[in-house]
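Every number for a ligand or one of its atoms is a count from 1 in the order of the listing.
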Amino acid sequence: MENSIFLDTIKGIKHKRPPVWFMRQAGRILPSYMKLKEKYGFNEIMTNPNLAAEITLLPVKELGVDAAILFTDILVIPDALGMKLTFSDKGPVFENPIKNIENPFKHLKVDTARLEHIYETIDEIIKTKPSNIPLIGFCGAPLTILCYIVQGISMNNNFPDAVNMLYNHRKTAEKLIDAITELSIDYALKQVEHGIDVFQIFETHAGLIPSELYFELIMPAVKKITSAVRDKGINVIFFPKGIGTGITDIDNEITDFISIDWQMSISTARKIVGNDIGLQGNLDPRILTAKQDVISAACEKYIDFGSSETKWIFNLGHGLLPNTPYENVKYVVNWIKSADWKRN
Ligand code: CP3
């Protein structure tokens with residue numbers, strides 16, 4: 001790939017500024033996406049490779065971000081494991097969450113054909129994307145997927161049934177984690193085969209459990225997924241939201257980059273992880289509802305860090321939130337691109 005500031009940064013090649021993209025940049029804030037949503041349901045969009053490819057590239061064209069992220073969802077893995085996912089008006093619903101099932105493995109029936117449309121979407125994106133824009137593939141990490149499988153989609157992000165399973169039904173939890181991991185590896189490797197440039201693994205609910213338990217029970221599974229992808233020459237970004245000082249124990253054996261949440265300052269993160277790991281993050285997405293002078297002051301705070309830190313990708317500390325004003329998101333992209341980062 002030619003002239004990608006994003007891929008160069010991942011490889012440690014210095015540019016005048018950090019690259020910029022946003023988690024959830026396609027599906028929440030773009031007026032052009034909202035317009036498409038008036039016409040099509042989420043499921044319809046996601047399973048139509050032409051539409052999904054078009055939406056993947058909207059933020060590149062309209063916001064000017066430096067990378068595209070595949071338009072699909074982490075919940076396709078529970079779906080392909082037999083949970084039967086549907087996207088209703090109220091959001092995603094599983095027909096068969098494990099907690100309602102006496103034998104937790106009765107409905108676990110892997111059907112990889114349910115992921116095929118995603119590979120077709122990747123083919124379409126590769127055909128149509130600008131040559132300097134890399135495509136980020138992704139999957140959910142095992143704990144987050146386990147949470148949704150066991151609890152269903154809950155507005156209660158404490159996932160009590162999933163945590164109960166970890167403490168009181170460890171063997172069942174381990175078997176589920178193995179099944180999730182095995183399918184995630186197959187899914188990730190097919191994304192690589194179809195041409196993604198970078199892979200991000202979203203552990204949105206890492207903060208649900210003590211980090212010691214996370215390292216004991218989940219990290220070996222994360223490492224299996226990241227190693228499979230890295231063995232193919234594709235770099236990995238890991239987003240363990242809420243893991244706190246647990247990042248101290250994440251090393252280059254696990255991932256190339258860590259995406260830092262908004263709870264910790266990015267310079268603290270740099271102090272506690274090794275220098276061989278890159279960082280991504282970590283502006284609080286809620287600040288994007290504020291006035292632009294508040295937003296620019298928050299961006300300004302990254303200048304010191306970014307002047308000396310070249311293995312850093314600008315992003316948020318979590319995904320863009322619904323109802324974030326589009327103009328403010330665009331303002332941040334322009335700010336990051338035009339600031340003097342004092343790099344020589
Ligand atoms: O820019 C993008 O939106 C890219 C595609 C993308 C989606 N989901 C589309 C989506 C990505 C990268 C995701 C990741 C995802 N999905 C995560 C990890 C990132 C994070 O924000 O923590 C998680 C935890 C999910 C699970 C999920 N998907 C939930 C809980 C929901 C319902 C609430 C919500 O976030 O909207 C979804 C649905 C979903 N995924 C939508 C979209 C565009 C909304 C669907 C709709 O319009 O009905």
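Counting heavy atoms only, Phe42 comes closest to atom 43 (C) of ligand 1 of the residues Phe42, Trp21, Phe138, Phe202. Nearest residue to atom 41 (C) of ligand 1 from Arg28, Arg24, Met23 is Arg24 (criterion: closest heavy atom). Between the choices Ile136, Leu75, Asp73, the shortest heavy-atom distance to atom 40 (N) of ligand 1 belongs to Asp73.
The ligand atoms of ligand 1 that sit less than 4.0 angstrom from a heavy atom of Gln25 are 1 (O). Listed by atom number, the atoms of ligand 1 under 4.0 Å from Gly27 heavy atoms are 1 (O), 2 (C), 3 (O), 43 (C). Proximity to Ala26 (heavy-atom distance under 4.0 Å) selects the following atoms of ligand 1: 1 (O), 2 (C). Listed by number with element, the atoms of ligand 1 under 4.0 angstrom from any heavy atom of Ile74 are 14 (C), 15 (C), 16 (N), 17 (C), 23 (C), 24 (C), 25 (C), 26 (C). For ligand 1 and His318, the ligand atoms under 4.0 Å from any heavy atom of the residue are 20 (C), 21 (O), 22 (O). Close approach to Tyr33 involves these atoms of ligand 1, each under 4.0 Å from a residue heavy atom: 43 (C).
Between Ile55 and Leu58 the shortest side-chain heavy-atom distance falls below 4.5 Å. Phe257 has its side chain out of reach of Val198: every pair of non-hydrogen atoms, C-beta onward, lies at least 4.5 Å apart. Contact of the Val273 side chain with the Ile250 side chain is not registered, since no non-hydrogen atoms from C-beta on lie closer than 4.5 Å.
Other residues, nucleotides and ligands contribute at most 12 non-hydrogen atoms within 6.0 Å of the CG atom of Asn323.
Ring pair Phe71/Tyr33 is tilted by interplanar angle, where 30° to 60° counts as tilted. Ring geometry, Tyr119 versus Tyr187: the interplanar angle falls from 30° to 60°, so the pair is classed tilted.
The ring-ring contact (aromatic ring centres under 6.0 Å, His included) test with Phe138 is passed by exactly one of Phe239, Phe202, Phe238, Phe199: Phe202. For the side-chain hydrogen bond (donor to acceptor under 3.5 Å, both in side chains) test with Ser259, the passing option among His318, Gln280, Lys241 is Gln280; the others fail.
With hydrogens and angles disregarded, no donor-acceptor distance shorter than 3.5 Å links the side chain of Thr268 to the backbone of Met264.
Residue-ligand proximity: Lys241 is placed with every non-hydrogen atom at 4.0 Å or more from ligand 1. The shortest separation from a heavy atom of Lys37 to ligand 1 is under 4.0 Å, placing the residue in contact. Ligand 1 has no atom lying under 4.0 Å from any heavy atom of Leu320. Contact between Phe239 and ligand 1 is absent, with no heavy atom of the residue lying under 4.0 Å from the ligand. Within the structure, the closest approach of Tyr148 to ligand 1 falls below 4.0 Å when heavy atoms are considered.
The part of Pro92 lying near ligand 1 is the side chain, judged by heavy-atom distances below 4.0 Å.
For ligand 1, the polar-atom distance check against Thr204 finds a nitrogen or oxygen pair separated by under 3.5 Å. The N/O atoms of Phe87, backbone and side chain alike, include none that comes under 3.5 Å of an N/O atom in ligand 1.
Arg286 forms a cation-pi arrangement with Trp262, by the criterion of a distance under 6.0 Å to the ring centre and an angle within 45° of the ring axis.
Follow the hydrophobic side-chain contacts under 4.5 Å out from Leu135 and you reach Leu30 in the same cluster.
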